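Taking it in order: structure first as C-alpha cells, then the write-up.
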Amino acid sequence: MEQFLIDTFGDNILTYIIMPVPVLIFLSLFALGAVLAERKVSAYMQDRYGPNRVGKGILQTLADMIKLFQKEDITPAKADKLLYNLAPFIVFTATFMGYAVIPFCSLYIGADLNIGIFYFLAITSLSIVGILIAGWASNNKYSLFGAMRAVAQIISYEIPTALAILIVVMIAGTLSMQEIVELQGGGILNWFIFGGPGGATKYILLPFLFAAFMVLYISTLAETNRTPFDIPEAESELVAGFHTEYSGMKFAMFFFAEYGQMFAVSAIVATLFLGGWQSPFGELIPVLNTPVAQIIWFILKGCIFVFVQMWLRWTLPRLRVDQLMILCWKYLIPVSFINLFAVGLYIVL
Amino acid sequence: MSLYDGIFYAFAIITVVSAFIVVLSKNIIYSAVSLFITLFGVAGFFVLLHADFIAVTQIMIYIGGILVLLIFGVMLTTKITDVKLKTKNINALTSAIFVIGITAVLIFIMLTTNWKVAEVVKYDETIDKIGVLLLTDYLLPFEIASIILLIALIGAAMYARKSK
Amino acid sequence: MRKYFKNIYLGFSTIWIGMMITLKHLLFYKNITIQYPEQRLQLPERERNRLYVNIDDCIGCDQCVRACPVNCIKIETIKAVPGDKVGKTGETSAGKKKALFVPKFTIDFAKCCYCELCVFPCPTVCIYMTDVFEFSEFQRNDLVYDFTDLTKEQAEEKRKKAEEWALEMQKKKEAAAKKPPEKKVPLKPETNDKNKSDESPDSKSDDKPSKDS
C-alpha cells in the first residue's frame, strides 16, 4: 500500500496524508455500527427491542450523529477555554495514532515499525493527558474525579498489559506487528494462543499463553474504561466522568475515541493471540488468504472481541475502586509474572 | 527543502515555542501542558535521528509516566493551581549583558567552525542492539538502576501505609 | 494460597454463569416490549379517561357542574318555549321530556382530574368516561371541549325567543295580578312552595362554602 502510493504520488507529503484515510473511513463506519450494535445487544439482553424507528433502527446512529452536529457548542463560563477545547482533540488523536501500527492485511499497515507494539503502548498513554486536561479544564468536580480515576486506573492496568504483551514478544522475538502476524501463518494451531509455530513441545505453553490472553483482555478492558471497569464514567455517581461538561461535536469526539479504542485494543488482542489477518485454515483454502479476505478475517476477529466487550458490559456490575486495584495488583500482575517466568524458562531450555 | 527538513523545522518550532511557554506561563497547568508538547517534539527529533526506540521510550516514560504524575500531583493539591507563578525579570541589566555575551560567543563559534556534514547513513534497527547491550556489557548499571527503583517503590509503599 | 486460587476460580465461574444468562436472553428469550402506538394494552374495565357528553340526552340539570370538585364543567341553559322541540325529538332516549336548551356545555380537560364524580349524579347517563387517553394539544385552550349541538346563531335565536316568551308571561302575570281572582289564591302558594323546595338544596350548597371560609 505504502509502496503503491509512493509510486503513484511520489515520495511527498500527499502520500502520507492519503495513507491513513482508509483507516479513518473504517473507523467512522465502525463507530456508527458499533454504537447501534451496542444498543441492540443491550436491548435484546434485557428483552427489549432497542432502536427500531429511524429506518427500522439501522439509521438511528446516523440520526444521532446529525443531531450532535447541529447541537450548540457550549463552553462553560468558568472553564479554561483553551484547554477545554484542546482536550477532545488530544484524546482522539492519540487513539487514531495507535491505528498506525495495526496491520489490517498483509498489504496495509499504517507504518510497519520495528517497535510496533511498544509504540502502541506508548501512544495509548497519550490519551491519559487528554483525559486529565478535559477533567481539569471543565472546572467541574465530577469531571475532575472522573479524570483522576481514569488516569489511576489506566496507569495501573498498563503494567499487566505490558507484561502480557511481553510474553508474546518473547516467543515471537520481534516487536513488529506485521512480523508477529506473519509468524502465525499456516492454520489455527500456529496462532500464539496455541503456542505459535513450533514442534509438539509448544503445547506445554498452552495454559500460560491462555492465562496471558485473559490477562491482556481484562487489562485492555480496563484501559478503555469499559464496564466492569467503568468507574471513571460511573453514571450513577459521577454523571458522565471526565466528559460531563462536553456537548455537541466535542462530546462526539470523545465518543468516537472511545469506540475507536474499543476496536484498537480488540485488534491488538486479535493480532497478538489470534493470528491477526491470518485465515484459520492456513494454506488449505488459498482464496481465504487473499488481501481482501485477510481484511475480512481481521475485522471479524476484532468485532468478536468488541462483541464480548459489550456482552461483559451488560452482564457485570461495576467494580469498586479497591476491588479494581486488588484485581490488578494481587491477581493480574502476579499471574503475569509467573507466566513470564515460565515462558522465559521454556525459551531458554 | 525536502520533506524531512520541513518536518524537522516544524518540530523545532513546536519544541522551542512550547518550551518558552513552560518557562513564561503564569498558570502551572499551562506550563505542564506545554511541557507535554515540548517532550512530544523532542520525541519527534529522536524519530528523525532514526532512534525510534528512544523516541517511543521518551513518550512512554516522560509523557505517559512523569508528566502525568506531575499533572496528577498538581491537581491533587487543590490550592496550587491558584498560585501565581513568579515569571518576572529581576536584575534585567546584568542578565541582559550575560545573555548577549553568551549569544555572541555562540554565534561566533557557530560561524567560524568548519562543520563536517556526514553522509546520510541507512541506519539499522536499534532495538536488537540495545537489548543485547543492556543484558551483556551494561548489565551491572541496568541491574543497579532496577534495584534503586525497587527500593524507591518499597519505600513509597512503606510511607503510604498507615502506621498502626 | 488455596483461597487465592479459589477466588480466581470463583471469579471466572461466576462471570461465566452471568454471561450465559445474558446470552440466553440475547438469543432465545422473547422481547416483551409493547410497541405502543401500534400495539396497545387492553384498558381496565372501569378506566377513567376523557369524558364524553351525549348532548342528545342532556336535560341541562346542572348536577354534574355541582358535583365537579375542580369546576371544570360549565353549562348555560335556555328555557324552551312551549311548542319548540329541544334537540331532534324533544325527548331523551329514555323518553324523558327536555325543557332546556344547552347552548354551552364545556369541559376543560386541562383542569379535569378524572375523578368521575360528575358521572354518578347524571339522571340521564349522558356524561360518561370513554377509553380515549391521547388528546394532547399544543394550545391549552384546545383542551376546552364544547359538546353543545347548537350553533351560536341558533343559541341567540332561542335566547331571544325565551326572553320574549318570558316577557309575555310577565305581562300575563301582571295582568292577572291586576284583577286578582280569589279562586286562584290557594293555587299560588302551592307553586311558590314547589319553587322553594327546588331552590332549597341550591341555597344549602351555596351556604356550605361560605361556612367553610
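Treat the numbers as computed from the prediction; the structure is a model and nothing was measured.
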More than 12 heavy atoms of other residues, nucleotides or ligands under 6.0 Å from [atom1] of [X]: yes or no?
X        : atom1 : value
C:Gln42  : CD    : no
A:Phe210 : CZ    : no
C:Glu45  : CD    : no
C:Tyr9   : OH    : no
C:Gln139 : CD    : no
C:Arg140 : CZ    : no
A:Phe341 : CZ    : no

Can you find a pair of side-chain heavy atoms, one from [X] and one from [Y], that are under 4.5 Å apart?
X        : Y        : answer
A:Gln46  : C:Thr22  : no
A:Val308 : C:Met19  : yes
C:Leu26  : A:Trp314 : no
C:Ile21  : A:Thr315 : no
C:Lys24  : A:Met45  : no

CH2 on A:Trp311 to CG on C:Leu23, rounded to 0.5 Å: 4.5 Å
Under 3.5 Å: donor-acceptor pair, side chain of A:Asp47, backbone of C:Ile32: no
Between A:Tyr44 and C:Tyr29, ring centroids under 6.0 Å: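 They do not qualify: ring centres at least 6.0 Å apart.
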Proximity breakdown for C:Phe12 and chain A, heavy-atom pairs closer than 4.5 Å: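 Just its side chain gets close to chain A.
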